[in-house]
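Report on the structure given below.
When a ligand or atom number is given, it counts from 1 through the structure's own listing order. In this chain, numbering begins with 1 at the start of the sequence shown. Source: prediction; values computed, not measured.
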Amino acid sequence: MKKMLELLTEEVTRAFAECGYDEKYGKVTLSNRPDLCEYQCNGAMAAAKEYKTAPIQIADAVAKKLAGSPVFSMAESVKPGFLNMKVDEAYLAAYVAGMQADEGRFGCEKTKHPKTVLIDYGGPNVAKPLHVGHLRSAIIGESVKRIGRFVGHTMIGDVHLGDWGLQMGLIITELAARKPELVYFDENYEGEYPAEAPFTISELEEIYPTASGKSKEDAAYREAAMQATYELQHGRRGYQALLSHILHVSVTDLKRNYENLNVSFELWKGESDAQPYIPDMVQKMKEDGFAYVSEGALVVDVKEETDTKEIPPCMILKSDGASLYNTTDLATIVWRMKDYRPDEIIYVVDKRQELYFTQVFRCARKTGLVGADTKLQFLGFGTMNGKDGKPFKTREGGVMRLEYLVESVNAEMLKKITENQKSKENLAIGEEEANQTARMIALAAIKYGDLSNQASKDYIFDVDRFTSFEGNTGPYILYTIVRIKSILNKYRGLGKDASGAVIAGVHSASEKNLMLALSKFNAVMENAYEETAPHKVCAYIYDLADAFNSFYHDTKIMTEEDETVQKSYIRVLELTKSVLETCIDVLGFAAPERM
Ligand code: ARG
C-alpha cells in the first residue's frame with residue numbers, strides 16, 4: 001500500500017498542476033499544528049517566488065480545487081500561504097480497512113531492493129559473564145535485525161565472540177597451576193582428549209578474574225600466560241582442546257542468557273575465526289603498498305584531507321608481529337565478504353569505539369577488502385547510567401552482571417503483579433503464570449526503556465520508571481495490548497463474532513485520531529529501518545497506545561446497540577492489537593494474555 005502521505009501528496013500535486021503550478025510544490029507533511037489541522041502543505045510559499053505571485057493567491061486557488069476532493073474533508077488556505085488539511089473520514093476508514101485486509105503486513109510493502117545485511121552485535125567475551133555493557137548491543141542489534149527483516153532484507157546476525165587473545169592463555173595458566181595432572185598439559189600425550197570439560201561455567205567465571213588479578217601482580221605469571229597464548233595460537237594440541245572446552249562451556253551459558261533476553265544469532269563466529277585470514281591479508285596489504293613499517297609496527301594511513309581532527313594510522317601488526325583487535329576486525333571483514341557478500345555490515349558497538357571503527361572502515365575500503373558497493377555502518381550506542389548519572393554499577397560499586405540486573409527487574413515486576421492481583425480477587429492468576437508474566441513484562445520494561453532512547457544517547461536506567469504501568473514505558477504498551485485482548489475476549493464471550501466485518505467509517509474524533517495513528521504504520525517501519533532507529537517504532541506505539549486509550553475512554557464499545565458500528569469498533573481494536581503486536585515483536589518482546 002502507498003503511504004498515506006504519498007496519497008495525500010498525489011492529490012495536492014494534482015491540484016497544483018490543475019492550477020498551472022509545478023507539481024513539485026504539492027508535498028504534504030504531517031501538521032505541526034495538530035490543533036488546526038492534520039496535514040499541511042507549504043508549497044505555495046516556494047511557488048510564490050517562481051511565479052511571482054502572492055503565496056496566499058496560490059494557496060487559495062489550490063484550496064478551491066481541493067474543495068470537492070474525496071480525499072480531504074477540509075482544505076483551507078491560511079495566511080501567508082499555508083494549506084491546512086484534514087483527511088476525509090470515509091477515505092481514512094477505507095485506508096485502515098485496506099491495512100487490515102493486508103494481513104501480517106498492514107500496508108507495509110516489502111522492499112523492492114532486498115539487501116543482504118550482516119549485523120555484528122552482542123560482542124560478548126568468552127569466559128567472562130555478560131555484564132550491563134553488553135545489554136545495549138544485544139537489545140539494539142536484535143531490534144535493528146528484526147526491523148530489517150520486516151522491511152524485507154536478509155539480515156544475518158553475528159555475535160562476534162571475543163574468543164582470542166590473552167584471556168585464553170590466562171585461563172590455561174591458572175588451570176595448569178591448579179590441576180597440573182590434567183592430560184591437556186602433557187606434551188607427550190597423543191590420544192583423544194576427554195569429551196567433558198574439566199570445569200563448569202561458574203568455575204570458569206572464577207578462574208578468569210583470579211588469573212587476570214595474579215598476572216597484574218606477578219610478572220612471571222603474566223609471562224607464562226603470554227607463552228600459553230602463543231602456544232595456543234601456534235597449534236599446541238592440548239591447549240586447543242582446552243580452548244574448545246572453554247568455548248563450549250561459555251557459549252552454552254551465553255546462549256541461555258541471550259535466550260532469556262529473546263535475542264538470537266544466526267552466526268556464532270568469533271575473533272578466532274578470523275585468524276586464518278590474517279597472513280594473506282597482511283601480505284596483500286604490503287604488496288599493494290598500503291601497509292608500511294612505522295616505529296617497528298606495520299600500519300596503514302587512513303587520514304583524509306577533509307578530516308577536521310587527527311585520524312591516526314590503522315595499526316595492522318605490532319612491532320613483535322602480533323595481531324591486534326584491528327587486525328581481527330579487518331580479517332573478519334575478509335571472511336564476511338567471502339562467505340556472505342553483504343551489501344552492508346552494521347556494527348552495534350559502544351560509541352566510544354567510534355574512532356577505532358573509522359580507522360578500520362577506512363582501512364578496509366582503502367585496501368580493497370570491501371568495494372564501493374558495500375556499506376559499512378557504525379551504530380554506536382551511548383552508556384547506560386545509574387540514577388546518579390554515572391555508569392551503572394552494583395551497590396558495591398562493581399560491574400553489574402546482566403543476569404542479576406534482569407533478575408532484579410523480574411522481582412520488581414512480580415511484586416507489582418502480585419499487588420495488582422490482590423485488588424481484583426476473582427482474576428487471581430496462579431504462581432507459575434505470575435512468574436512468567438512478570439518475566440515478560442520485565443523484558444518489555446528493560447528493552448523499551450533502552451530502545452525508546454535514540455541509540456547514540458546515554459540514558460539512565462531507572463527501574464521504578466521503566467516498570468511503571470503508566471507513561472512512556474514497555475509495561476504501558478503491554479497493558480494496552482492486554483486491555484484490547486480482554487475486550488475482544490469479552491465480546492467473543494457473548495457469542496458475538498465480527499470476523500469478516502469491515503471497518504465502516506469513523507464515528508468520533510477519538511476514533512479518527514486512532515485511525516490516523518494506525519495509518520502511519522508503513523511509513524514508520526520504513527523510516528525506522530532507513531535510519532536504523534528503533535526509537536521511532538517506540539515513539540509510534542506510544543502515540544498509538546495513547547490514541548487507543550483515549551478512544552477506549554470515549555467509546556462505549558460493549559454496550560453499542562448498532563451492530564454494524566460495534567463490529568466496526570471491534571475490527572479497529574483487532575487491527576490496533578495486531579499493529580502493536582507487530583511493533584513489539586520487532587522491538588524484541590511480546591505481550592502476555594493478561595496482567
Ligand atoms: N568484544 C568486544 C567488547 O566486549 C566488542 C566487540 C565489538 N565488535 C567488533 N566487531 N569489534 O568490547
As an exercise, identify every atom of ligand 1 less than 4.0 angstrom from a heavy atom of His134.
4 (O)
Any donor and acceptor pair, going by atom type alone, linking the side chain of Ser137 with main-chain N or O of Gly133 inside 3.5 Å?
no
Report the part of Tyr356 in contact with ligand 1, treating N, CA, C, O as backbone and CB onward as side chain, heavy atoms under 4.0 Å; options are side chain, backbone, both, neither.
neither
Closest non-hydrogen contact found for Pro475 with Phe466 is CD-O, 3.2 Å
Mind listing the closest non-hydrogen atom pair of Ala127 and Ile171 along with its distance?
CB-CD1, 3.3 Å
Salt bridge or not for Glu403 and Arg256, using N-O below 4.0 Å?
yes
With heavy-atom distances below 4.5 Å as the criterion, would you say the side chains of Gln359 and Asp329 are in contact?
no
Could you tell me whether the side chains of Ser264 and Glu259 share a donor-acceptor contact shorter than 3.5 Å?
no
For Gly123, take its heavy atoms, then give the atoms of ligand 1 lying under 4.0 Å from any of them.
1 (N), 2 (C), 3 (C), 4 (O), 5 (C)
Give the residue, atom name and distance (to 0.1 Å) of the protein heavy atom nearest atom 6 (C) of ligand 1.
Tyr325 OH, 3.4 Å
Classify the ring geometry between Phe357 and Tyr347 as parallel (under 30°), tilted (30 to 60°) or perpendicular (over 60°).
tilted
Under a 4.0 Å heavy-atom limit, does Asp329 contact ligand 1 with its side chain, its backbone, both, or neither?
side chain
Give me the residue, atom name and distance of the protein heavy atom closest to atom 12 (O) of ligand 1.
Gln353 NE2, 3.7 Å
Tell me: protein heavy atom nearest atom 8 (N) of ligand 1, and distance?
Asp120 OD1, 3.4 Å
Once you restrict to heavy atoms under 4.0 Å, what part of Asn125 touches ligand 1? Side chain, backbone, both or neither.
side chain
Taking only heavy atoms of Val349 into account, list the atoms of ligand 1 that are under 4.0 Å away from them.
7 (C), 8 (N)
Below 4.0 angstrom from a heavy atom of Tyr347, which ligand 1 atoms are there? Numbered from 1 as shown, please.
10 (N)
Quick check on contacts: which atoms of ligand 1 are under 4.0 angstrom from a heavy atom of His160?
8 (N), 9 (C), 10 (N)
Please round to the nearest 0.5 Å and tell me the distance separating atom CG of Leu330 and atom OH of Tyr277.
15.0 Å
